[in-house]
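First comes the structure, then the notes that go with it.
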Amino acid sequence: MNARTRPAARVTRRRRILVAVPALAAAAALVLAGCTAQGDSLSKQYRENAGKNYVSSDGSTQTFSPDKRKDAVSYEGTTPDGDTITSKSLEGKVAVLNFWYASCGPCRIEAPDLKKLSDEYGDTVSFLGVNVRDDGATAQTFEKKYDLAYPTLLDAGDNEVQLAFAGSVSANAVPTTLVIDQQGRVAARFSGRIQSPDVLKQIIDDTVAEAK
């Protein structure tokens, strides 16, 4: 390559970069639009199938009508601060149990959604994390990073909380999120990352309304 061709090559490369930047921005916009569209689609499916043991299109979300729910599940665990929380202490309120661990990518993605919902419901709905792998310090670091105000049970040693649900609606993936009704029974299960926070919110609202 001689001296005359070099400037042209640099111009060509510059043009390619300038073309690539808007292309990447457009691709990112399409991804975000796809996520929104999927969330809206799942919300619509839930509303259309409410009360009919709805299963999402990817098989990750399942609800159970009151007459199809199994018996209440008994469990207890200890938080990183040494406090003991039992299933009995949550009875009378709808509860949301989220099974997670700190290095789980989907757990990190859904953490802000869970924080937002827990802040929105305040004391009317109990949120509880169940950490299946980490020690207390690691769990607390995660909680601080995502500003999670609700408690977490450490379940890595004996997996007692996970095993307690094995005979009912098992937490067969991480993350798994369970909605528990006022009687301690599983009303819904999200296996894997929560695809639509709006669906979770609607299920919580429907479960809360059952007692009215």
Side-chain angles (χ1 to χ4, degrees), residues 39 43 46-47 50-51 54 61-66 69-102 104 106-132 134 136 138-155 160-162 164-165 168-169 171 174-190 193-212:
S43 297
Y46 173 73
R47 289 192 297 269
Y54 159 84
T61 307
Q62 187 173 8
T63 63
F64 307 93
S65 55
R69 293 171 195 167
K70 297 185 178 181
D71 293 339
V73 177
S74 296
Y75 59 88
E76 70 174 53
T78 305
T79 70
D81 292 326
D83 298 325
T84 298
I85 296 176
T86 71
S87 54
K88 287 288 185 183
S89 65
L90 301 180
E91 282 186 4
K93 285 185 179 181
V94 171
V96 178
L97 271 61
N98 177 248
F99 294 78
W100 65 279
Y101 60 90
C104 160
C107 302
R108 295 195 295 269
I109 293 172
E110 69 181 12
D113 293 327
L114 289 167
K115 174 200 163 30
K116 181 178 179 181
L117 286 172
S118 67
D119 290 346
E120 179 178 340
Y121 283 103
D123 293 334
T124 62
V125 174
S126 298
F127 280 72
L128 179 65
V130 181
N131 187 293
V132 301
D134 304 318
T138 302
Q140 286 180 318
T141 298
F142 183 96
E143 291 172 336
K144 289 178 182 177
K145 179 177 181 179
Y146 294 100
D147 195 23
L148 302 179
Y150 55 84
T152 285
L153 301 180
L154 299 177
D155 203 43
E160 281 190 9
V161 181
Q162 282 183 297
F165 285 95
S168 177
V169 180
V174 180
T176 285
T177 302
L178 304 178
V179 178
I180 311 297
D181 70 12
Q182 294 93 337
Q183 300 177 47
R185 304 174 302 174
V186 177
R189 174 179 63 188
F190 291 74
R193 180 172 66 86
I194 297 167
Q195 300 293 327
S196 172
D198 288 341
V199 171
L200 175 56
K201 175 176 171 53
Q202 188 63 58
I203 291 173
I204 294 172
D205 289 343
D206 289 350
T207 308
V208 169
E210 290 173 1
K212 296 180 180 179

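Worth saying up front: this structure is predicted, and the values here are computed from it rather than measured. Side-chain atoms are counted along with the backbone in the values below, which use heavy atoms only and exclude waters and symmetry mates.
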Minimum heavy-atom distance between A187 and T207, given as atom pair plus value: CB-OG1, 4.0 Å

For F127, all residues meeting ring pair (Phe, Tyr, Trp, His ring centres under 6.0 Å), sequence neighbours excluded: Y150

From CA spacing to verdict: side chain to side chain contact (heavy atoms under 4.5 Å, CB included), F190, Q195: CA-CA 9 Å; F190 291 74; Q195 300 293 327; over 6 Å; no

I180 side chain near L90 side chain, heavy-atom distance below 4.5 Å: no

Results of ring pair (Phe, Tyr, Trp, His ring centres under 6.0 Å) for Y75 - residues two or more places apart only: F165

Value rounded to 0.5 Å, distance of CD in E160 from OG in S74: 12.0 Å

Spatial distance of atom CG (D113) from atom NZ (K201) [nearest 0.5 Å]: 12.5 Å

Distance-minimising heavy-atom pair for S89 and T86: OG-O, 2.6 Å

Side-chain (D155) to main-chain (Q162) donor-acceptor, under 3.5 angstrom: yes

Closest non-hydrogen atom pair between R185 and A72, with its separation: CG-N, 3.8 Å

Passing candidate, side-chain contact (heavy atoms from CB on, under 4.5 Å) with V179, options L97, V94, V208: V94

Short side-chain donor-acceptor distance under 3.5 Å, D198 and Q202: no

CA sep, side-chain torsions, deciding dist, call: L114, L200, side chain to side chain contact (heavy atoms under 4.5 Å, CB included): CA-CA 9 Å; L114 289 167; L200 175 56; 4.1 Å; yes

Spatial distance of atom OG1 (T79) from atom CG (L154) [nearest 0.5 Å]: 7.0 Å

Residue pair A188 / T63: nearest heavy atoms and the distance that separates them: CB-CG2, 3.9 Å

Neighbour count above 12 (heavy atom, 6.0 Å) for D71 CG: no

Non-hydrogen side-chain atoms of T176 and R189 separated by less than 4.5 Å: yes

Presence of salt bridge, E210 and R69, under 4.0 angstrom: yes

Side-chain touch N98/P175, heavy atoms, less than 4.5 angstrom: yes

Side-chain touch V96/I204, heavy atoms, less than 4.5 angstrom: yes

Backbone of D83 reached by a side-chain donor or acceptor of D81 within 3.5 Å: no

E110 side chain vs R193 backbone, donor-acceptor pair below 3.5 Å: no

Spacing of I109 atom CD1 and C104 atom SG [to the nearest 0.5 Å]: 8.5 Å

Least distance between heavy atoms, A102 atom then N131 atom: N-ND2, 4.3 Å

Side chain to side chain contact (heavy atoms under 4.5 Å, CB included) assessment of D123 paired with K93: CA-CA 9 Å; D123 293 334; K93 285 185 179 181; 4.1 Å; yes

Reported OG-to-CG distance for the pair S65 and D206, which is rounded to 0.5 angstrom: 12.0 Å

Student check: side-chain heavy atoms of D134 and F142 closer than 4.5 Å: no

Test item: side-chain donor near acceptor, D205 and Y121, under 3.5 Å: yes

Closest heavy-atom pair and its distance - V174, W100: CG1-CA, 3.9 Å

Working for side chain to side chain contact (heavy atoms under 4.5 Å, CB included), residues F99 and L178: CA-CA 8 Å; F99 294 78; L178 304 178; 3.8 Å; yes

